[in-house]
Amino acid sequence: MGYQSEYNESVNDRDAFWGRQADAIAWYKKPTQILTEADYGSHRWFADGELNTCYLALDVHVAEGRGEQVALYYDSPGTQTKRAITYNQLLAEVKRFAGALKARGIEKGDRVVIYMPMVPEAAVAMLACARLGAIHSVVFGGFAPNELAIRIDDAEPKMVITSSCGIEFDRVIEYKPLVDQAFELSAHKPEHCVVLQRPMVEAPMTPGRDLDWQAFQEGVADADCVPVESTHPLYILYTSGTTGKPKGIVRDHGSHAVALLYALRNIYGMNAGDVWWGASDIGWVVGHSFIVYGPLMGGCSAIFYEGKPIRSPDAGAFWRVIEEYKVNSMFAAPTAFRAIRKEDPEGELSKAYDLSSLRWLFVAGEKLDSSTYSWLDGVLGVPVIDHWWQTETGWPMTAPLMGVEPVPTRLGSTCVPVPGYDIQVVDQEGNELGPDEHGNIVARLPMPPGVAQTIWQNPQRFQESYLTAFPGYYHTGDGGFKDQDGYVYITGRTDDVINVSGHRLSTGEMEEVIAKNSAVAECAVIAVADAMKGHVPVGLVVLKQGVETADAEIEQQLVAMIRAEVGPLACFRKAIVVQRLPKTRSGKILRAILRKIADAEEFAQPSTIDDETILPEITETMTGAGLGRS
Ligand code: COA
Ligand code: AMP
């Protein structure tokens, strides 16, 4: 079957196509229902099926004789640690850890928050939750305690699992004090906190509440897989929306398993026994789908890398990993390669390594600029494939099918729609647009298996966020166009979401933090192009009448506030005091114009602006502060 026939069947005869894909996984109870409608405009896949994701990721491979194959290669250049963990070993660790969770009362449906660095114990914790039917929510380590507390209050976990520290280049970041602060800030108080003590730092423990990772597993009985309904939540993953409250994206067991296995084999072209590397972090959707669950369900050996692309110890780190583990295919964000190129512009370091195992490289998470593409193409000499997806979908929406029939890629495009996704471009009124016409990128409903169908405890918000702007379509929040051959081009978000180093953040959320400063009358946070990180946020603030604090002092305060409340990952380092902000006559800040000024792009004076004199004035202030110089 070629791409086109595969695609056509996936959207025209969903029951046949996805029913066949479902046959590829081991169900306890095979589903008879394939696609059914649900409340709030959502859908369900395989609703009457029963399975367990941990069983599919581990037990099935051991049962089929793959137990001695490496499941995870842990590689941590900062701590100079390496471990090759077989499927047999990983299953034994997960069974035991799940037993310990069970002994502490964790049951099907209970939530467990995981705030850990890239250590294999994090995967053990995720899989152990899945084994019991408990719902994990992994929070990225770069988030501040306040963000962790917001997630604890929303997910209401019985337990938090953490580690004494993470490693950022050569710095040891103590995680446990951040968790302690989050416990203080949250209204919901989890019963226990399990702490993995790493050799670099010993975390202080709160007696009664805190449990040592090793000690709490002593003497417990192993736990078996708990069969769950296909629609039972496997995890909640919070992602930035346009407000200060992150959205708890819910992923189910059944449709997620079917979609990931399909994606791993058909998009990424990976087979059992292949070596796969998702160079991201378990705190992001990529980490869930293609560091842990996808490659394990597919019987691959997955790299679990606790390092950076550069200074680990040098910018040859990625090439070293590819050679050492004979990586067949990998995923990374363009930022990682921009960082490598900055340190090693000619790619000299790559020449010292044998990269011949690599068949192709996938990139996503942010725009792949043409110069990074050309550089990678020159260094690697294998296909460099841009593809597009988001936390909500959990797997790619546009990509070539490397395991079926790799259609040629096109520069600037994230390729063609993946089977299951009927991608369209619509105008503000929801009318479908033709080739090369720019608009909102949407997908005709229903969405394929694997895509989130709700927000944790808030199905209305899911409907409002994704299903109401353009009735009959899922609203991706991205803008762009399709060419005459159906290739999709993503030009950027149409909302207040920005991507910093491939990390998704909300400018609206940062504005809410800045507004708490008593000197600030109003503010706008905009994304400004950055040569390495893609974009970084910059604050434009209007001060209250009579404020006498120096602008530099205000900037320092705001930088500290964002760091403390959102986290260092926001990379918020610049706040510019301006006299006024440009607004429409109805009072909306013209953020798009501010972005254009910051990036030195041409713009037309909008007819809706309330005061025409403001644009030259603010351009001068922003240019004076170092923005807008092309
Ligand atoms: N735990 C704690 N702190 C973290 C963290 C984590 N997991 N991740 C990032 N941070 C902190 C960093 O230490 C840094 O803090 P600082 O301001 O005190 O220096 C801050 O957050 C910003 O980090 P980052 O954006 O990663 O910038 P950097 O300069 O430290 O590193 C790169 C630059 C390019 C090497 C790094 O951003 C990178 O590897 N990017 C690839 C991103 C990626 O894989 N994204 C995939 C998403 S799918
Ligand atoms: P996240 O949910 O964190 O994975 O971020 C998803 C968002 O990242 C998308 O909605 C896009 O805005 C952006 N994105 C992901 N992949 C790409 C890509 N290949 N090109 C451009 N933007 C992308």
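Starting from 1, each residue takes its place in the sequence as its number. Start at 1 and go down the list; that is how both ligands and their atoms are numbered.
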Revision key, fill the gap. For Phe140, the atoms of ligand 1 under 4.0 Å from one of its heavy atoms are 5 (C), 7 (N), 8 (N)

Check your understanding: Under 6.0 Å from the six-membered ring centre of Tyr74 and within 45° of its axis: does the NZ or CZ of Arg83 meet both?
Key -> no

Practice item. Quick one: look up the protein heavy atom nearest atom 19 (O) of ligand 1 and list residue, atom name and how far away it is. Key: Arg171 NH2, 3.2 Å

Point to revise | Per-atom contacts, ligand 1 versus Ala339 - under 4.0 Å to a heavy atom | key: 34 (C)

Practice item. Check ligand 2 against Thr391 and write out every atom of the ligand that is under 4.0 Å from a heavy-atom position of the residue. Key: 1 (P), 2 (O), 3 (O), 4 (O)

Check your understanding: Is the shortest N/O to N/O distance between Thr476 and ligand 2 below 3.5 Å?
Key -> no

Check your understanding: Can Arg311 be said to sit on top of Phe169's aromatic six-ring, NZ or CZ under 6.0 Å from centre and within 45° of the ring axis?
Key -> yes

Review point. Of all the non-hydrogen atoms in the protein, which one sits nearest to atom 33 (C) of ligand 1, and at what distance?
Key: Lys533 CE, 4.4 Å

Practice item. Measure centre to centre between the rings of Trp276 and Tyr325, then say whether the value is under 6.0 Å. Key: no

**Study point:** Structural part of Ser501 in contact with ligand 1, heavy atom criterion under 4.0 angstrom
**Key:** both

**Study point:** Identity and distance of the protein heavy atom lying nearest atom 34 (C) of ligand 1
**Key:** Thr335 CG2, 3.5 Å

Practice item. Please work out which of Phe331, Phe143, Tyr175, Phe290 has its closest non-hydrogen atom nearest to atom 7 (N) of ligand 1. Key: Tyr175

Exercise for review: Between Gly365, Ser280, Ala279, flag the one that comes closest to atom 48 (S) of ligand 1 by a heavy atom.
Suggested key: Ser280

Exercise for review: Compute the minimum heavy-atom distance from Gly477 to ligand 2 and say whether it is under 4.0 Å.
Suggested key: no

Check your understanding: Relative to ligand 1, is Pro568 under 4.0 angstrom through side chain, backbone, both or neither, heavy atoms considered?
Key -> both

Check your understanding: When only distance counts, is Asp478 in polar contact with ligand 2, meaning an N/O pair under 3.5 Å?
Key -> yes

Point to revise | Element-labelled atoms of ligand 1 that are located less than 4.0 Å from some non-hydrogen atom of Val286 | key: 48 (S)

Point to revise | Under 4.0 Å to a heavy atom of Ala333 - the qualifying atoms of ligand 1, by number | key: 43 (C), 45 (N), 46 (C)

Review point. Would His503 and Phe140 count as a close aromatic pair, with their ring centres under 6.0 Å?
Key: yes

Exercise for review: Output yes when the distance from some N or O of ligand 2 to some N or O of Thr414 is under 3.5 Å, and no in every other case.
Suggested key: no

Check your understanding: Backbone, side chain, both or neither: what part of Met116 comes under 4.0 angstrom of ligand 1, heavy atoms only?
Key -> neither

Point to revise | Proximity flag Trp389 to ligand 2, non-hydrogen atoms under 4.0 Å | key: yes

Review point. Can you check side-chain hydrogen bond (donor to acceptor under 3.5 Å, both in side chains) on Tyr489 and Asp483, steps first, answer last?
Key: CA-CA 8 Å; Tyr489 296 72; Asp483 68 15; 3.0 Å; yes

**Study point:** Nearest-contact summary for atom 22 (N) of ligand 2 - protein heavy atom, Å
**Key:** Glu366 C, 3.6 Å

Point to revise | Row check, Phe143 ring normal vs Arg151 NZ/CZ: under 6.0 Å, within 45° | key: yes

Study note, to complete from the structure: Under 4.0 Å from one or more heavy atoms of Arg573, ligand 1 contributes atoms 17 (O)

Practice item. Give the atoms of ligand 1, by number and element, whose distance to some non-hydrogen atom of His503 is under 4.0 Å. Key: 42 (C), 45 (N)

**Study point:** Under 4.0 Å to a heavy atom of Cys571 - the qualifying atoms of ligand 1, by number
**Key:** 22 (C), 25 (O)

